[in-house]
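The figures that follow rest on heavy atoms only: side chains count, while hydrogens, waters and symmetry mates do not. Starting from 1, each residue takes its place in the sequence as its number. Numbering of ligands and ligand atoms starts at 1, following listing order.
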Amino acid sequence: MRKPIIAGNWKMNKLTSEAVELAREVKDKTGTIADREIVLCPPFTVLSAVKEVIKGSSIKLGAQNMYWEVRGAYTGEVSPTMLKDIGCNYVILGHSERRQYFGETNETVNKKAKIAFSIGLIPIVCVGETLQQREKGETLTVIEEQVKTGLSGLTKEESKGLVVAYEPVWAIGTGKTATPEEAEEVQRFIRKLLGQMFGKENAQAIRILYGGSINPDNISVLMSCEDIDGGLIGGASLNVESFLKVVRY
Ligand code: PGA
């Protein structure tokens, strides 16, 4: 049985006071939920403050990116050991916004995924096709390249802890969600690829999230798909009411 993950990706939102307030409300109102894992991924600047708030609860902390070296002359970067030190359990890697605006590639995602595991951070590796790629019928080819290159060289043992997020780029922040059929087709394909890479049994343990305009109204039907093991939530995670509704799908 794969325990579902509901992860809030706050992106570049929330000042300290706002972040603390949101985290506190989430903590207070999700106290007894044990059958799913809640992860908050705030910006770097408020990771410590949010960690302080969720201390003692089962809510996990995630970062939205990191560099692939542990220290050194890399002005402006944040290392995996720094994230671990601050109390992060997870790190989102290869989000489409990072691929689109900041030059993230499958190769850099791969370097980051490997170092994340070696430091004890669980990567949430994002994959997804653009609208143009979907319209050209390239969805599965694009996903295959992202999965095979992005996750190459991970051990079978590491693979069991891995989290993958399928986020069609055309569904992110657009209000346009993939239908359960569209999502499940790709989620199932990803699990098949993971089976080829890490063995069928390990692939069954890997949690594959869906992301892209998830909201309180569409979460339940998406979660009813066999290969959807949770959600990466952007917009709907910024507001306590909508995030809690999604958490309680
Ligand atoms: P969205 O973002 O829920 O606002 O579409 C999801 C994501 O980018 O992770």
**Prompt:** Closest approach of I206 and L162, non-hydrogen atoms and distance?
**Reply:** CG2-O, 3.4 Å
**Asked** Closer than 4.0 angstrom: is that true for some heavy atom of G211 and an atom of ligand 1?
**Response** no
**Message:** Any heavy atom of A236 closer to ligand 1 than 4.0 angstrom?
**Reply:** no
Could you tell me if [Y] and [X] have a donor-acceptor pair between their side chains, going purely by distance under 3.5 Å?
{"X": "K84", "Y": "N89", "value": "no"}
{"X": "Q132", "Y": "W170", "value": "no"}
{"X": "T108", "Y": "E104", "value": "yes"}

**Request:** With atom 9 (O) of ligand 1 as the reference point, say which of Q64, E97, E167 has the nearest heavy atom.
**Result:** E167
**Prompt:** Do the non-hydrogen side-chain atoms of L47 and K51 ever get within less than 4.5 Å of each other?
**Reply:** no
**Asked** Do L131 and V169 come within less than 4.5 Å of each other through their side chains, counting heavy atoms only?
**Response** no
**Asked** For ligand 1, is any non-hydrogen atom under 4.0 Å from I172's backbone (N, CA, C, O), its side chain (CB onward), both, or neither?
**Response** both
**Contact partition for A171 relative to ligand 1, non-hydrogen atoms under 4.0 Å** = backbone
**Request:** List the closest protein heavy-atom neighbour of atom 4 (O) of ligand 1: residue, atom name, distance to the nearest 0.1 Å.
**Result:** G235 N, 2.8 Å
**Prompt:** What residue and heavy atom of the protein are closest to atom 3 (O) of ligand 1, and at what distance?
**Reply:** G234 N, 2.9 Å
**Item:** Nitrogen or oxygen atoms of T174 and ligand 1 under 3.5 Å apart
**Value:** no
**Complete:** Applying side chain to side chain contact (heavy atoms under 4.5 Å, CB included) to K11 and not counting sequence neighbours gives N9, N13, H95, E97, I172
**Prompt:** Using 4.0 Å as the upper bound for N to carboxylate O, is an ion pair formed by R207 and E37?
**Reply:** yes
Find all atoms of ligand 1 within a distance of less than 4.0 Å from any non-hydrogen atom belonging to [X], and give their numbers and elements.
{"X": "L232", "answer": "6 (C), 9 (O)"}
{"X": "H95", "answer": "7 (C), 8 (O), 9 (O)"}
{"X": "G212", "answer": "5 (O)"}
{"X": "G173", "answer": "1 (P), 4 (O), 5 (O)"}

